[in-house]
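Please read the structure below before turning to the comments.
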Amino acid sequence: MSIRPLHDRVLVKPLDAETKTAGGLIIPDTVQEKPQEGKVVSVGAGTKAEDGTVTPLDVKKGDRVLFGKWSGTEVKVDGDTLMIMRESDIMGILE
């Protein structure tokens, strides 16, 4: 199965959260924070204006992005956990 986001939506694969502290302590799953970093898997065509013109998105497939803790909706595709969110939920591109 594959998902193609529509309009201004972006499909992001969250990067794994750290499981150890700098001191070497293992962080249990119950207290780990939600990931806020991910890799763009797919993007929609862009936002459509009232006159019908389409403005392409600033992010592209392969970009590493930073997003809010509670942004987007989690979806499962072929056993992978992905996030689908609006481009406006993305705070920046990591370079």
Side-chain angles (χ1 to χ4, degrees):
M1 172 175 35
S2 64
I3 294 179
R4 183 175 52 102
L6 298 176
H7 309 294
D8 67 336
R9 290 192 172 71
V10 180
L11 190 63
V12 176
K13 180 171 178 56
L15 298 179
D16 294 330
E18 291 294 321
T19 57
K20 276 188 179 182
T21 65
L25 296 174
I26 296 175
I27 303 170
D29 290 341
T30 55
V31 294
Q32 284 182 3
E33 290 198 22
K34 284 184 77 173
Q36 292 180 275
E37 232 179 276
K39 185 175 181 181
V40 176
V41 175
S42 182
V43 297
T47 56
K48 190 180 280 191
E50 287 183 23
D51 65 358
T53 59
V54 176
T55 305
L57 303 181
D58 290 329
V59 296
K60 61 185 180 307
K61 184 178 177 179
D63 283 347
R64 275 185 67 184
V65 294
L66 187 65
F67 52 88
K69 258 186 204 181
W70 309 111
S71 298
T73 302
E74 214 172 80
V75 293
K76 294 235 184 223
V77 178
D78 297 332
D80 287 333
T81 301
L82 302 171
M83 305 274 302
I84 192 160
M85 64 186 71
R86 292 188 178 277
E87 185 187 36
S88 60
D89 290 338
I90 295 174
M91 294 184 277
I93 300 172
L94 300 170
E95 295 179 350

### I84 to P5 - nearest heavy-atom pair and separation
CD1-CB, 4.3 Å
#### Entry: Inter-residue atom distance F67.CZ - M83.CE, 0.5 Å rounding
5.0 Å
### Task
Say whether, by atom type as modelled, one donor and one acceptor occur between the side chain of E74 and the main chain of T81 under 3.5 angstrom.
no
### Message
Would you compute the distance between atom CG of L57 and atom OG of S88 and round it to the nearest 0.5 angstrom?
### Response
10.0 Å
### Query
Nearest 0.5 Å, what's the CD-CG distance between Q36 and L15?
11.5 Å
#### Entry: Atom pair NZ (K60) and CD1 (I93), whose distance is rounded to the nearest 0.5 Å
6.5 Å
#### Entry: Validation row: I3, S42 side chains within 4.5 angstrom (heavy atoms)
no
### Query
Roughly how far apart are K13 NZ and L82 CG, rounded to 0.5 Å?
6.0 Å
### Query
Is any NZ, NE, NH1 or NH2 atom of the basic residue among R86 and D89 found under 4.0 Å from an Asp or Glu carboxylate oxygen of the other?
no
#### Entry: Nearest heavy atoms of D8 and T47, plus distance in Å
CB-CG2, 3.3 Å
### Spacing of CE belonging to M91 relative to CG belonging to L66, to within rounding of 0.5 Å
4.5 Å
### Query
Do the side chain of D63 and the main chain of V65 share a donor and acceptor less than 3.5 angstrom apart?
no
